[in-house]
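Quantities reported herein were computed from a predicted structural model and do not represent experimental measurements.
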Amino acid sequence: MKKQKKKLVLLSLVAVPSLLYSTPASATEISKPAYILANYNANVANVVQLINNINNTTATFQTNLEAALKAYNALTGTEKQYVTNYSTLSSHQQTRIAYRKLAAQIEEKLNSVDSTSANYYQNVIETRDWYNTLNAAQKNLCKRICAKNINFLYCTKYIC
């Protein structure tokens, strides 16, 4: 019985380390998704971080969104599969669309204010008050639209 225990102990001393050590796998032995993820990790991580940097209430919203979109579009189809926060990027795109609609409404309001009308001052005050309720990202987008508009000087003088 003692001999059998000694054999088991000796066997375990030899067998266990060999089970713990295995030769490193080559790239062809690693499963394809794991290999792809390892190779594209830097590109994907960069895009994920750019998306995380987007804040839809700051003045840098548009710039950060464009940078993230550019980086995302530069990825291969396979790399895009590993962008874990794509839904956030998509949501920010929808937010930008909503902000553009709001900016267009403000532009329309600016265009409708006639400087010769009797209620000109009231219209300017209402438009300014509306503008002041916007967050920094919305104001930034409004300024871009105002810059394209002939009323830019009007906008900056009375509203912005």
Side-chain angles (χ1 to χ4, degrees), residues 20 22-160:
L20 294 176
S22 61
T23 57
S26 69
T28 56
E29 294 171 347
I30 299 175
S31 67
K32 192 167 183 160
Y35 179 68
I36 291 169
L37 182 58
N39 280 335
Y40 297 140
N41 197 21
N43 295 336
V44 172
N46 180 51
V47 171
V48 168
Q49 186 58 48
L50 286 171
I51 294 170
N52 287 338
N53 289 342
I54 301 170
N55 181 337
N56 64 7
T57 62
T58 64
T60 59
F61 170 65
Q62 180 86 355
T63 305
N64 291 348
L65 178 59
E66 288 170 2
L69 283 170
K70 183 178 179 182
Y72 178 80
N73 290 333
L75 295 177
T76 66
T78 305
E79 287 173 317
K80 288 177 182 178
Q81 295 174 18
Y82 293 102
V83 176
T84 56
N85 57 352
Y86 176 77
S87 62
T88 302
L89 179 63
S90 181
S91 175
H92 284 310
Q93 288 177 295
Q94 295 305 312
T95 299
R96 178 172 59 177
I97 291 169
Y99 285 1
R100 284 181 176 166
K101 287 179 183 176
L102 181 62
Q105 289 173 341
I106 290 174
E107 181 182 29
E108 185 179 322
K109 175 75 172 165
L110 287 172
N111 289 334
S112 71
V113 175
D114 182 10
S115 61
T116 60
S117 73
N119 58 354
Y120 171 74
Y121 182 74
Q122 182 62 34
N123 286 336
V124 169
I125 297 298
E126 287 173 8
T127 308
R128 186 194 64 211
D129 290 346
W130 184 17
Y131 178 84
N132 287 336
T133 65
L134 304 179
N135 65 41
Q138 293 166 325
K139 286 179 181 178
N140 194 35
L141 198 54
C142 177
K143 286 178 184 178
R144 288 179 185 210
I145 287 180
C146 287
K148 293 178 187 176
N149 189 297
I150 196 161
N151 290 327
F152 174 69
L153 292 175
Y154 173 84
C155 173
T156 55
K157 183 176 180 182
Y158 293 104
I159 309 263
C160 306

Spacing of [atom1] belonging to [X] relative to [atom2] belonging to [Y], to within rounding of 0.5 Å:
X      : Y      : atom1 : atom2 : result
Lys139 : Tyr99  : NZ    : OH    : 12.5 Å
Asn41  : Asn46  : CG    : CG    : 11.0 Å
Gln94  : Leu89  : CD    : CG    : 10.5 Å
Asn85  : Ser91  : CG    : OG    : 11.5 Å
Thr95  : Leu102 : OG1   : CG    : 12.0 Å
Asn64  : Ile54  : CG    : CD1   : 6.5 Å

Might you point out which heavy atoms bring [X] and [Y] nearest each other, and give the distance in Å?
X      : Y     : value
Asn140 : Ala59 : ND2-O, 2.8 Å
Asn55  : Thr57 : OD1-OG1, 2.8 Å
Leu75  : Lys80 : O-CE, 3.4 Å
Ala71  : Leu50 : CB-CD1, 3.5 Å

Can you confirm whether [X] sits close enough to [Y] that some side-chain heavy atom of one is under 4.5 Å from a side-chain heavy atom of the other?
X      : Y     : value
Gln93  : Leu69 : yes
Glu79  : Val83 : no
Gln138 : Phe61 : no
Arg100 : Gln62 : yes

Is it true that a side-chain atom of Thr60 and a backbone atom of Thr63 form a donor plus acceptor pair closer than 3.5 Å? no
Could you check Arg96 against Glu66 for side-chain contact (heavy atoms from CB on, under 4.5 Å), going step by step and ending with a plain yes or no? CA-CA 10 Å; Arg96 178 172 59 177; Glu66 288 170 2; 3.8 Å; yes
Distance-only side-chain donor-acceptor flag, Tyr72 / Asn43, under 3.5 Å: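 Tyr72 vs Asn43: no donor-acceptor pair found between side chains.
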